[in-house]
Colleague: 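Starting off with a structure, shown below.
One-based numbering, in listed order, for ligands and for the atoms of each.
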Amino acid sequence: MSIPVVTVGSAQEAVVGGLERLHGPVTVVRRCSELAELIAACQSGLAVAAVVAEGCEELTTTLVDRLGAVGVSIIALTDDPAETRRLSSIGAVPAVTGIEAADLAAKISEAVGRQSRQSGPVPARDAGFADPGAGLKLMPVTDPVDEAAPGGGGQIIAVWGPIGSPGRTLLAVNIAAELAAEGKSVILVDADSYGASVSAVLGLLDESAGMAQACRLADQGLLDVEALSAVASPVFTKGGTFRVLTGTTRADRWTELRAGAVSTVLDAARQLADHVVVDTGFCLESDEELSFDTLAPRRNAATLRSLEMADVVFAIGAADAIGVPRLVRGLAELESALPEVSPRVVLNKVKRSAVGHSPNQQLDDAWDRYGPGVGVDAYLPADPGACDAALRSGMVLMEIAPDSALRRAIAALVCAPVQQNDSSFGRTIRALHLLKR
Ligand SMILES: Nc1ncnc2c1ncn2[C@@H]1O[C@H](COP(=O)(O)OP(=O)(O)OP(=O)(O)O)[C@@H](O)[C@H]1O
Ligand SMILES: [Mg+2]
C-alpha cells in the first residue's frame, strides 16, 4: 500500500512532481499552503508522513512529538548543517533540498517504518502518558537510591504527593542538599506547574524560571548539557553545592512545561548530574488527554512525565486525618495512571496533637485500615521550628537544624545510614521502621 504523505512549502512543487513520477511507494494526498494546515491534516489522520519542504525552522520538539503521537513522521528539507543537526535532535528526519525523489521516498518509508515499530508493542521514546493517543513510556523502577540509572546517566528521583501541601518541596529540596553533601552532583528541578516554590524555599532572588527556559531551549532543539548548566542556578549550602532549575513563577506560564520538552530536559539533566531531584505538582488527572486538540498543552504533563521517567518516586502525605486519606486516594490514582511506578511512601508532619497520644501506632493502624497495599517507608516528624527557621533564612535543614530528627530522617531516605539521635521520638520512629519490615 502506498504511504499517504502531506507536504508544505513553496519548494514542494518539485518535490511532489518527483514523488508522483515514481508512481509509489508514496502518494501525496495534500499540498498544504502553510504549516498550520499541514498539522490539521496530520491530526485528522490523512497522512502518516509530512514533508516540510520549506520553513523547517518553525518545527519544535513539541510539534514533532505531537505529530509522532498521532503516528506522523516528519521529513524536513534544509541545506544548513546546523539546522540539520537541530532537526535530528528534535526527532525530525532532515534531508537536503535537492534530494532525489527516489531517495526522499526511501527516507519517508524508513521513517514511517520506524514510527510504526515504535508505536507497536515497544513504547516510543516520547509516547508517554502525558501525550495523547500514545503508549506509555515506562522506565524501570529501581529501589535503592544509590543505584545508577539504567542505560547510564544520573538517577531521577521524583517527589510527588497529593493536594494539601504535604511537604513535597521540603522533601525534594532537602534530598538534593543531602545528596550534594555526600559529594554527589545534583540538579533539583521544580516541575510543579501549580505552585512552584523551590526558589522561595531556597531564598533565591532569581526570577529566571530556569525550568521554563530549559524547556524552551529543548523545544527548539537547542538544549545540550552546556546550555542546561547555563540556565540552572548554582545553590551553595554549608554541605555542598547543587544546581537548580527554578519553576515558573507565574501560574499562567505552566503551558511552557510541555511533555516532550520536559523529557528532553530530564534526559539532559541526567547527563549533567548523578542525581536529578524533581519536585512535582500534586495533580495526576488525565481527563484533558481526551481533548481532541492534541496540540494543546497539558497542565499535568510535567508531573506525569517526571513520574514516568523517574527511577525512584517518593509519595509524601501529611500524617493527619485529612492527609492520610488523601494520600491513600492519591496512591490509587498514581497506580491507575502509571502502574509501573512503585512509590516509596513517606508520612510527614507526624505529631501527637494531630493523631493522638501514640501517633505512630495510630498512623500504623489507620494505614492498615485504609489498606493501600504498600507499606510506609518513612515517618518524618513535624518540626515547625526547624521548617520555619529554614524558610525564614532560605537555608536547608542540614544548615539550620543539623541534629533534628526531621533532617536525619530525610537523610536516611537517600544517604548511607545516619545516626539517629536518642530522643524518644527518634526511638519511636526506629521502632516503627522495624514494625513495618
Ligand atoms: N515535617 C514538617 N514539620 C513542620 N512543617 C513542615 C514539615 N514539612 C513541611 N512543613 C511545612 O509545611 C509547609 C508546606 O510544605 P511544602 O511547601 O514542602 O509542601 P508542598 O507539598 O510542596 O506544598 P505545595 O502544594 O505548596 O507545593 C511549609 O511551610 C513547610 O515548611
Ligand atoms: Mg511545593
Colleague: Taking the basic N atoms (NZ, or NE/NH1/NH2) and the acidic carboxylate oxygens, is any pair closer than 4.0 Å for E110 and R114?
Modeller: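 Salt bridge: yes.
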
Colleague: Tell me which part of P381 gets within contact of ligand 1: side chain, backbone, both or neither, using heavy atoms under 4.0 Å.
Modeller: backbone

Colleague: Nearest non-hydrogen contact with atom 1 (N) of ligand 1 belongs to which option: D279, N348, V350?
Modeller: N348

Colleague: Can you tell me which portion of L391 lies within the under-4.0 Å heavy-atom range of ligand 1? Options are side chain, backbone, both, or neither.
Modeller: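 Side chain only.
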
Colleague: Indicate yes or no: does R86 engage E57 in a salt bridge with an N to O separation below 4.0 Å.
Modeller: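 Here R86 does not pair with E57 in a salt bridge, since their nearest N and O are not under 4.0 Å apart.
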
Colleague: Considering only NZ, NE, NH1 and NH2 on the basic side and carboxylate oxygens on the acidic side, decide whether K184 and D274 come within less than 4.0 Å.
Modeller: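 No, no charged N to carboxylate O under 4.0 Å.
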
Colleague: Compute the minimum heavy-atom distance from P384 to ligand 1 and say whether it is under 4.0 Å.
Modeller: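 True for this residue.
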
Colleague: Nearest non-hydrogen contact with atom 9 (C) of ligand 1 belongs to which option: K349, K351, R392?
Modeller: K349

Colleague: Just let me know how L170 lines up against ligand 1, side chain, backbone, both or neither, with a heavy-atom cut-off below 4.0 Å.
Modeller: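 Both backbone and side chain.
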
Colleague: I'd like to know if the Mg ion (ligand 2) has an N/O/S atom from T169 within less than 2.8 Å of it, counting both backbone and side-chain atoms.
Modeller: yes

Colleague: Below a 4.0 angstrom heavy-atom separation, can you tell me which part of D192, side chain or backbone, both or neither, approaches ligand 1?
Modeller: side chain

Colleague: What do we get for L406 next to ligand 1 when only non-hydrogen atoms under 4.0 Å count, side chain, backbone, both or neither?
Modeller: side chain

Colleague: Heavy atoms only: which of G167, G317, A389, P162 lies closest to atom 19 (O) of ligand 1?
Modeller: G167

